[in-house]
S.K.: 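Following this message is one structure expressed as structure tokens.
We name chains A, B, ... by the order of the sequence lines, and we start the count at 1 in each one.
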There are 2 protein chains.
Amino acid sequence: MDVLAGLDACTTMEPDEGRVAAARDRLVTPEEATQLAELFRLLGDPTRAQLLYALLEAGELCVCDLTETVEVSDTAVSHALRLLRTAGIVASRRAGRMIYYRLADVHVRMLLDLSREHLRHG
Amino acid sequence: MDVLAGLDACTTMEPDEGRVAAARDRLVTPEEATQLAELFRLLGDPTRAQLLYALLEAGELCVCDLTETVEVSDTAVSHALRLLRTAGIVASRRAGRMIYYRLADVHVRMLLDLSREHLRHG
DNA sequence: CAAACTCCTGAACAGGTGCTCAAATGATAA
DNA sequence: TTATCATTTGAGCACCTGTTCAGGAGTTTG
């Protein structure tokens with residue numbers, strides 16, 4: 001594989017506005033990388049990951065249901081959910097004295113789904 | 001949205017081997033969730049994330065090039081790369097006294113790519 | 001009202017993480 | 001060989017993280 005394959009392309013092709021724009025879109029600044037790391041960091045804990053995959057399967061679960069899916073106290077689950085909620089990874093809804101959590105958006109679902117595929121067929 | 005939408009389906013439809021098998025494939029055990037968390041944890045550090053996105057853009061880079069993309073010492077970069085290499089996230093190749101690193105497989109590239117999209121259009 | 005239930009908050013602490021420094025390894029050049 | 005370059009390794013340490021415990025807040029039930 002050519003070490004500089006991507007960078008050498010300009011010696012064999014004329015500049016192209018479309019490709020240039022696409023390359024600029026691909027660039028990730030240190031600030032963006034840090035934001036992405038923050039997202040991954042939140043997914044990168046066994047307790048939180050189990051909660052998220054439980055929500056991926058069930059759609060929506062209350063804290064007491066989620067507590068049964070992991071081996072920690074309900075307090076630890078609550079702390080974990082607060083981190084995920086603050087980061088916009090999950091959303092919550094009150095119904096009586098129970099609070100139901102769900103994955104916040106389709107991107108999070110795709111991320112969890114793709115990662116599961118990576119684990120099994122990577 | 002119905003809280004138990006997924007679970008109630010069996011009251012309105014006959015069992016279906018295809019759907020049952022698909023549901024079983026979707027289930028993530030605590031052990032799998034923990035493995036996935038380990039993957040996310042490794043992506044969840046600003047230094048490592050910057051290195052990975054640099055590799056995503058450039059294809060292949062030596063340690064000295066990678067050191068220029070982050071604000072830490074070459075030693076810290078080496079420690080970070082060892083973690084990623086041990087986990088099978090990056091692969092390395094020696095050429096003279098330089099060692100070139102690249103992303104290990106297409107799944108990692110897709111994961112980084114999808115996450116970048118999440119950050120920008122989520 | 002009080003009791004019961006679900007969930008959240010703050011404090012404290014053991015354990016883990018990522019950094020730098022100093023030293024070592026492997027490879028090329030003089 | 002000796003010197004130099006690129007990278008790795010191990011030690012030490014400041015900082016961060018996730019947990020439990022104790023207590024509080026909001027909601028329904030008797």
Side-chain angles (χ1 to χ4, degrees), chain A residues 3-4 30 33-55 58 60-102, chain B residues 3-4 30 33-55 58 60-102:
Chain A
V3 174
L4 299 172
T34 299
Q35 284 183 267
L36 287 160
E38 177 64 14
L39 169 65
F40 288 130
R41 189 184 68 80
L42 288 165
L43 307 185
D45 169 75
T47 297
R48 291 194 293 268
Q50 284 181 59
L51 296 175
L52 290 170
Y53 279 98
L55 292 175
E60 199 176 36
L61 290 171
C62 64
V63 178
C64 56
D65 287 338
L66 286 168
T67 298
E68 294 182 5
T69 70
V70 292
E71 293 286 326
V72 295
S73 66
D74 59 339
T75 299
V77 171
S78 187
H79 279 301
L81 290 171
R82 184 172 54 81
L83 286 176
L84 295 172
R85 180 162 29 84
T86 301
I89 295 174
V90 302
S92 63
R93 166 180 79 85
R94 170 153 240 149
R97 48 190 168 195
M98 301 212 281
I99 298 183
Y100 288 95
Y101 281 84
R102 62 184 180 280
Chain B
V3 173
L4 300 172
T34 299
Q35 285 183 267
L36 287 161
E38 177 63 15
L39 169 65
F40 288 131
R41 191 185 67 81
L42 287 165
L43 307 185
D45 169 74
T47 296
R48 292 194 293 268
Q50 285 180 58
L51 296 175
L52 291 169
Y53 279 100
L55 291 175
E60 199 174 36
L61 290 171
C62 65
V63 178
C64 56
D65 286 339
L66 286 168
T67 297
E68 294 182 4
T69 70
V70 292
E71 294 285 326
V72 296
S73 67
D74 56 342
T75 299
V77 171
S78 185
H79 280 301
L81 290 171
R82 183 173 55 80
L83 287 176
L84 295 172
R85 180 163 29 85
T86 301
I89 295 173
V90 302
S92 62
R93 166 180 78 85
R94 169 153 241 148
R97 49 190 167 195
M98 301 211 280
I99 298 183
Y100 287 94
Y101 281 84
R102 62 184 180 277

S.K.: Please tell me which of the listed nucleotides, D/dA6, D/dT8, C/dC7, lies nearest to the side chain of A/Val63?
M.R.: C/dC7
S.K.: Starting at the 5' end of DNA chain D and moving along, which residue's nearest nucleotide shows up first, A/Gly44 or B/Cys64?
M.R.: B/Cys64
S.K.: Calculate the interatomic distance between A/Leu51 atom CG and D/dT19 atom P; express it in whole Å.
M.R.: 9 Å
S.K.: Looking at B/Val90 and B/Leu81, what are the two nearest heavy atoms and their distance?
M.R.: CG2-O, 4.1 Å
S.K.: Any side-chain N or O of B/Arg41 below 4.0 angstrom from OP1/OP2 of D/dT17?
M.R.: no
S.K.: Look at the side chain of B/Arg94 and the backbone N and O of B/Gly96, then say whether any donor-acceptor pair between them is shorter than 3.5 Å.
M.R.: yes
S.K.: In whole Å, what is the span from the NE2 atom of B/His79 to the P atom of C/dG18?
M.R.: 12 Å
S.K.: Between A/Arg93 (CZ) and C/dC8 (P), how many Å, whole number?
M.R.: 14 Å
S.K.: In whole Å, I'd like the distance from the CZ atom of B/Arg82 to the C1' atom of C/dT20.
M.R.: 15 Å
S.K.: Does D/dG18 have its OP1 or OP2 closer than 4.0 Å to a side-chain nitrogen or oxygen of A/Arg48?
M.R.: yes
S.K.: Check whether any side-chain heavy atom of A/Thr34 lies under 4.5 Å from a side-chain heavy atom of B/Gln50, and answer yes or no.
M.R.: yes
S.K.: Check every atom of C/dC7, C/dT9, C/dC5 against the side chain of A/Cys62 and return the nucleotide holding the closest atom.
M.R.: C/dC7
S.K.: Can you pull out the residues from residues 65-78 of chain B that lie within a 4.0 Å heavy-atom distance of DNA chain C?
M.R.: B/Val72, B/Ser73, B/Thr75, B/Ala76
S.K.: Does the side chain of B/Glu38 come within less than 4.5 Å of B/Leu42's, by heavy atoms?
M.R.: yes
S.K.: Output yes when a side-chain donor or acceptor of A/Arg48 lies under 3.5 Å from a complementary backbone atom of A/Arg41, and no otherwise.
M.R.: yes
S.K.: In whole angstrom, give the distance that lies between atom CE of A/Met98 and atom P of D/dT28.
M.R.: 11 Å
S.K.: Can you measure B/Leu81 atom CG to C/dG18 atom C1' for me and round it to whole angstrom units?
M.R.: 14 Å
S.K.: What's the CG-P distance between B/Leu61 and D/dT7, to the nearest Å?
M.R.: 11 Å
S.K.: Would you call A/Leu43 and B/Leu36 a side-chain contact if the rule is heavy atoms closer than 4.5 Å?
M.R.: no
S.K.: It should be established whether A/Arg97 places a side-chain nitrogen or oxygen under 4.0 Å from OP1 or OP2 of nucleotide D/dA25.
M.R.: no
S.K.: Would you find a donor on one side and an acceptor on the other, under 3.5 Å apart, between the side chain of B/Thr86 and the backbone of B/Leu83?
M.R.: no
S.K.: So, OP1 or OP2 of D/dT8: does either fall under 4.0 Å of a side-chain N or O from B/Tyr101?
M.R.: yes
S.K.: Which whole-number value in Å describes the distance from A/Tyr100 OH to C/dC8 C1'?
M.R.: 18 Å
S.K.: Please pick, from C/dT28, C/dC19, D/dT27, the nucleotide with the shortest atom-to-atom distance to any side-chain atom of B/Thr47.
M.R.: C/dC19
S.K.: Among C/dG18, D/dT27, C/dC8, which nucleotide sits nearest the side chain of A/Arg94?
M.R.: D/dT27
